[in-house]
Every structure is written in structure tokens, then in C-alpha cells.
J.: 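Next up is a structure, given as C-alpha cells.
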Number of protein chains: 2
Amino acid sequence: MSQPSFACCTPLTGTSMTPEQAEQVVPLLKALADPVRLRLVSLIASSPTGEACVCDLNEAFDQTQATISHHLKVLHSAGVLDRDKRGVWVYYAVKPEALSSVANLFSIAALAGVSA
Amino acid sequence: MSQPSFACCTPLTGTSMTPEQAEQVVPLLKALADPVRLRLVSLIASSPTGEACVCDLNEAFDQTQATISHHLKVLHSAGVLDRDKRGVWVYYAVKPEALSSVANLFSIAALAGVSA
DNA sequence: CGTTTACATCGACGTCCGTCGATGTCTGAC
DNA sequence: GTCAGACATCGACGGACGTCGATGTAAACG
């Protein structure tokens, strides 16, 4: 060890996320980390009724109906959107808890160890 | 058109994210949507000094030094981490603005149209 | 000088992911 | 029952991503 004798390192003793905690949150982040899905969530959230039917969403994007349906499924599976079929149409609504949990996660205090 | 005559659709007139806005935020979300990178940010943020050198971070993970270095680069490129080389060691520190911008993005009001 | 240590970069590999066309399923109208 | 429309699912393709071993670079010590 020819390196300086004083430590390069701070102990990192502060409590941080466990691998398990990280694995639990990441799917939610992954679901939101796509431009089309982020716009989908934004569109639905900005709708006056708080929900939107797929027929609307399809027209707002250049992507195929299959692609939009796929993205909606991803967001639904991740717990970001609620799904409600009424007759022929399917309405998706944003689950505020999902979004606020992400917001809480990235408040500095939360990241520094306070559990989300 | 054999469907009901009343509209299935709410106009979605509320202002939502533009494609450009989405494309701008997504890299930041992508950078955080990985379990290793999320733990890296958490470790650095929970350090008492607010920063950590790579030698510490390497020991905290099962991944190779090359992999950790890669993840740190991704986080740095996305604006999540600051990089400071002091002698032989490199110290990374969390940029609070980056994290709080994500937190702001996912407050309900922000997503509904109020710019972040 | 040469050696060692800390970290970055490179190239390659396997896997995951976004997108598409095609097809399936269900619902309501006629 | 038949048909059309709304949405989901399937299978395939191409590109992006995480990981690794090997190598490069730079700083400090002798």
C-alpha cells in the first residue's frame, strides 16, 4: 500500500436504501422513464375528469394503437394507472399515490435514509 | 358509425406535457430507474459529508469496478451527480436540484400542466 | 526511471425494451 | 346472427442497456 496513509473514505455509515428497497421502487421508475408513457400520464392527469379513454390517447400520439395499449398496460402493471372498462370503452385514471410516492422518494431527507 | 352518438371522449383540453418536455425529463428518470444507480445515489446522499469516493462505492456492490464506473458516468451525464477529482481519488456528490426537480415533476399539480 | 493504485474507457456479449403488423376478444347496433 | 368498432394480445424485429474482462490513463511513491 503505497498510497497515503490517511483514509480516502468516509464510512458511509448513514442508513441508505437496501438492495431490496431499490428493487421494489425501480419498476415504478422504469414505467415512468419513457417519453410516451410520461406523456400518457400527463395527458390523463391533465384531463378535466381525471381520466381518459384509450380512443383519445391513441389520437394524441403517432404510435400504433398496439403500442399505446402496451404502454398503458405497463403503466397499469406498475400501479400508476387505474383501469375501468365501461361498455366498449376503457378509461384510465392516474393513481395519485404512485406519483406522490415517487415525489417523496426524491425529497432529500427520504433518500438520505428516512424510509419512503 | 354504429357506436353511440354521445362522445366517449373528454376533450383533454388541459395543458399537458409537450413531447419536447417529455424528452427532456426522461434521461433524468432513466438514469434513476436502475437499482444499482438508485442505491449509488442513496449511498452518496446518506454519506455524512454528502459525497463519497469511488473506492467506497465499489466495495458496497457485487458489480465490477467497470460497471460501477459506468453507472457513475450515467448519473453524472444525467446531472444527478457532481464529480470532483482530488489526487488519486474521485468523489461524487448528489446534486439536490436534480432530485428535487423529479420530486416537483411528480407533484400532481405539476403533472397536470403547471411547468416544472 | 519503474511500480502500484484509482479510476475510466473499450469491445463484446446477452438480455430487455419499444415498436410494428396481424390477429383475437368483447361489446353494442342492426 | 351478423357486422363493425374498441381494445388487448401475439410474434417478430431492431436497437438500447447492464455487465463483464481487458486495457488505458493518470497520480503518487520509491
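Residue numbers start from 1 in every chain, and the chains themselves are labelled A, B, ... in the order their sequence lines are given, proteins ahead of strands. None of these values were measured; they are calculated from a predicted model.
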J.: What is the distance, rounded to the nearest whole Å, between atom CG of A/Leu57 and atom P of D/dC7?
T.: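 Atom-to-atom, A/Leu57 to D/dC7, this comes out as 9 Å.
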
J.: With sugar-phosphate meaning primed atoms plus P, OP1 and OP2, does B/Arg86 contact a base, only sugar-phosphate, or nothing at under 4.0 Å between heavy atoms?
T.: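 No contact at all - B/Arg86 keeps every heavy atom at 4.0 Å or more from the nucleic acid.
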
J.: For the residue pair A/Leu43 and A/Ala60, what are the closest heavy atoms and their distance?
T.: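 Here A/Leu43 and A/Ala60 meet closest at CD1-CB, 3.6 Å.
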
J.: Whole angstroms only, please: what is the CG-C1' distance between A/Asp34 and D/dA16?
T.: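 In whole Å, D/dA16 C1' and A/Asp34 CG are 12 Å from each other.
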
J.: Show each protein N/O and nucleotides 20-26 of chain C N/O combination with a separation under 3.5 Å, one pair to a line.
T.:
residue: C/dC20; atom: OP2; partner: A/Thr64; partner atom: N; Å: 2.8
residue: C/dC20; atom: OP2; partner: A/Thr64; partner atom: OG1; Å: 3.1
residue: C/dC20; atom: OP2; partner: A/Thr67; partner atom: OG1; Å: 3.0
residue: C/dC20; atom: O5'; partner: A/Thr64; partner atom: OG1; Å: 3.1

J.: Remember a base hit wins even if backbone is also touched, and classify A/Tyr92 as base, sugar-phosphate or nothing at under 4.0 Å, heavy atoms.
T.: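 Sugar-phosphate contact only - A/Tyr92 comes under 4.0 Å of backbone atoms but never of a base.
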
J.: Hey, does the side chain of A/Arg83 come within less than 4.0 Å of D/dA8's phosphate (OP1/OP2), counting only N and O?
T.: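 Yes, such a contact exists.
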
J.: In whole Å, what is the span from the CZ atom of A/Arg39 to the C1' atom of C/dG18?
T.: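 About 15 Å, once rounded to whole Å.
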
J.: May I have the step-by-step check of side-chain contact (heavy atoms from CB on, under 4.5 Å) for B/Met17 and B/Val25, ending in yes or no?
T.: CA-CA 10 Å; B/Met17 296 184 83; B/Val25 183; 4.2 Å; yes

J.: What is the distance from CD of B/Glu23 to P of D/dA16, rounded to the nearest Å?
T.: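 Answer to the nearest Å: 13 Å.
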
J.: Side chain of B/Trp89 only, heavy atoms from C-beta on: which candidate in D/dA8, C/dC7, C/dC17 is closest?
T.: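 Nearest listed nucleotide: C/dC7.
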
J.: Cluster question for you: counting only ILVMFWY and a side-chain heavy-atom cut-off of under 4.5 Å, with indirect links fine, are A/Val74 and A/Val90 together?
T.: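 Different hydrophobic clusters.
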
J.: Answer whether the closest heavy-atom distance between the side chains of A/Val102 and B/Leu105 falls below 4.5 Å.
T.: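 Result no, sub-4.5 Å side-chain heavy-atom pair not found.
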
J.: Does any part of the side chain of B/Leu32, heavy atoms only, come nearer than 4.5 Å to the side chain of A/Phe106, both counted from C-beta?
T.: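 Result yes, sub-4.5 Å side-chain heavy-atom pair found.
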
J.: Find out whether A/Arg86 and A/Glu51 are in side-chain contact, i.e. whether some heavy atom of one side chain is under 4.5 Å from a heavy atom of the other.
T.: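 Yes, their side chains come closer than 4.5 Å.
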
J.: Taking CD from B/Glu59 and C1' from C/dC7, how many angstroms apart are they, rounded to a whole number?
T.: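 B/Glu59 atom CD is separated from C/dC7 atom C1' by 14 Å.
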
J.: Which of residues 73-82 of chain A have a heavy atom under 4.0 Å from DNA chain C?
T.: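 Those residues whose heavy atoms fall under 4.0 Å from DNA chain C, taken from residues 73-82 of chain A, amount to none.
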
J.: Please report, rounded to the nearest Å, how far the C1' atom of C/dC17 is from the CG atom of A/Leu38.
T.: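 In whole Å, C/dC17 C1' lies 17 Å from A/Leu38 CG.
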
J.: For A/Leu72 and C/dT19, give me the distance from atom CG to atom P, rounded to whole Å.
T.: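 The distance from CG of A/Leu72 to P of C/dT19 comes to 12 Å, rounded to the nearest Å.
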
J.: Identify the heavy atoms of A/Ile44 and A/Ala52 that sit nearest to each other, and give their distance.
T.: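 Smallest interatomic distance, heavy atoms only, reads CG1-CB, 4.1 Å.
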
J.: Write down the atom of A/Arg37, the atom of A/Ala31, and the distance for their closest heavy-atom approach.
T.: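 Closest approach of A/Arg37 to A/Ala31, heavy atoms only: NE-O, 2.7 Å.
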
J.: Report yes if some heavy atom in the side chain of A/Arg39 is under 4.5 Å from a heavy atom in the side chain of B/Ser16; otherwise report no.
T.: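 No, every pair of side-chain atoms sits at 4.5 Å or beyond.
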
J.: Are A/Asp34 and B/Val26 close enough that some pair of their side-chain heavy atoms sits under 4.5 Å apart?
T.: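 No - every pair of side-chain heavy atoms lies 4.5 Å or more apart.
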
J.: Please determine whether a side-chain nitrogen or oxygen atom of B/His71 lies at a distance below 4.0 Å from atom OP1 or OP2 of D/dC17.
T.: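 False: B/His71 side-chain N/O out of range (4.0 Å or more) of D/dC17 OP1/OP2.
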
J.: Take the protein atom CG of A/Asn58 and the nucleotide atom P of D/dA6, then report the distance between them rounded to whole Å.
T.: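 Taking CG of A/Asn58 and P of D/dA6, I get 9 Å after rounding.
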
J.: For residues B/Gln21 and B/Thr18, report the shortest heavy-atom separation together with the two atoms involved.
T.: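 Answer, listing the atom of B/Gln21 first, then B/Thr18: OE1-N, 2.9 Å.
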
J.: Any side-chain heavy atom of B/Val36 sitting closer than 4.5 Å to one from B/Ile68?
T.: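 Yes, side chains in contact.
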
J.: Would you work out how much the helix from C/dC1-D/dG30 to C/dC30-D/dG1 bends between its ends, with each end axis defined by five base pairs, to 10 degrees?
T.: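 Comparing the axis at each end, I get an angle of 20°.
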
